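Atoms within a ligand are numbered from 1 in the order they appear, just like the ligands themselves. The structure displayed is predicted, hence computed values, not measured ones.
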Amino acid sequence: MIEKAEKKHELSKQELVVLLQSDAGEAELAAAADRVRSTYIGEAVHLRGLIEFSNICRQNCMYCGLRRDNKQIERYRLSEMEIIDFARKAKGYGYKTVVMQSGEDSYFSVEIMTRIVREIKKLDLAITLSIGEKSYEEYKAYREAGADRYLLRIETTDKDLYEKMDPGMSFANRIRCLKNLKSLGYEVGTGCLIGLPGQTIASLADDLLFFKAIDADMVGIGPFIPNSDTPLWGSKGGTFAMSRRFVALLRLLLPDANIPATTAMETLNPNARIIVLQSGANVVMPNVTEGEYRRKYALYPGKICVADTPAQCRSCMGGKIAQIGRHVSSDKGFRRKRVVF
Ligand code: SAH
Ligand code: SF4
């Protein structure tokens, strides 16, 4: 099955279930994904500087520490000046892309957001927005202001589970948002959580097939890590091993997509990002948010590097990437569609 997938980049749902649930072929699976990554993408690793600019959220996702009903969290919102300043500093550390992420914070109107995007574009940075569900018109306005990419995880393709996990939100609207983003010419990033309560292996296989079917430009996945400030505290959560297998399968199915080794994985295994970079991934998103804000942007507990500075994160990742014989990319890291015969 792994050999077939390495050549054809296709697997059936049944095959995906078998490969996801067994750890028997884990090393072979990771090695095959690493070869596909090397053939299609090469040895460059794209670094995206993550700016967590507000932890205020109108949504109430069951798994997330930023959910509106969480009264324990200290809320913050960066000013326009601070956001632009963090982007400028990111550029100074050598980043070519910034990812601007927040809760669904209504303070950031279209007018404010487009002003920020236009200012950051003047720095010649690629911009990824990750600010949740918006109308077509809003997405259009951000795109026209210069946003290049948008990251909106589907979280799970199991409609019933999605609507249980994200009360007040609809699966149909999430899909509509992804379609709108694609039609507006964004590079579309999506992804899912691994290990949500009630999520099955068959459902994870469906997630993989969904990412392939929509030809996602970027797929970021993370283990669900239970948060004591949420109703899902006490549930089991996802594992590093399953997340790694999922990334390897993603690479086999989507050979030229951008696939990050995510921070949540590193919370479960101190060497996760390097292991996952060698199991199919080609992107890392180091944090460029400064000071107390890092700690306060608490989607899940045990977030790594909360006491580090952006400069430390940049040099730490650069060192780790060099140690595995890879290098930090010097371009903006748009997806390059490749056909390899
Ligand atoms: N509000 C935006 C972006 C911020 S949330 C949005 O929801 O799209 C970014 C991601 O954090 C979510 O997509 C979710 O997959 C992840 N996340 C939230 N809570 C988490 C948890 N407890 N464990 C792991 N990842 C989590
Ligand atoms: Fe808000 Fe995003 Fe967290 Fe949901 S996942 S509560 S939308 S920050």
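Summarising the local packing, CZ of Arg295 is surrounded by more than 12 heavy atoms from other residues, nucleotides or ligands at distances under 6.0 Å.
Tyr150 is listed as a side-chain neighbour of Lys134, based on a closest heavy-atom distance under 4.5 Å. Counting heavy atoms from C-beta on, the side chains of Thr156 and Leu193 never come closer than 4.5 Å. Two residues are said to be in side-chain contact when any heavy atoms from C-beta on lie closer than 4.5 Å; Tyr139 and Leu152 meet this criterion.
Under 4.0 Å from ligand 1, the heavy atoms of Ser102 that appear belong solely to its backbone. Within the 4.0 Å heavy-atom criterion, neither part of Tyr150 lies near ligand 1. Contacts of Cys57 with ligand 1, taken as heavy-atom pairs under 4.0 Å, are absent altogether. Under 4.0 Å from ligand 1, the heavy atoms of Leu193 that appear belong solely to its side chain.
Here salt bridge (Lys or Arg N to Asp or Glu O under 4.0 Å) pairs that include residues 205-214, with residues two or more places apart or in two chains, are Lys13-Asp206.
Sorted by chain then number, the residues whose non-hydrogen atoms approach ligand 2 to under 4.0 Å are Cys57, Gln59, Cys61, Tyr63, Cys64, Leu66, Arg67, Gly103.
Checking only distances, Glu155 does come within under 3.5 Å of ligand 1, N or O to N or O.
Thr309 and Glu290 form no side-chain donor-acceptor contact under 3.5 Å, judged by distance and modelled atom types alone.
Every atom of ligand 1 with a heavy atom of Arg174 under 4.0 Å away is listed here by number and element: 8 (O).
At a threshold of 4.0 Å, the pair Lys89-Asp85 counts as salt-bridged, since one of the basic side-chain nitrogens sits closer than that to a carboxylate oxygen.
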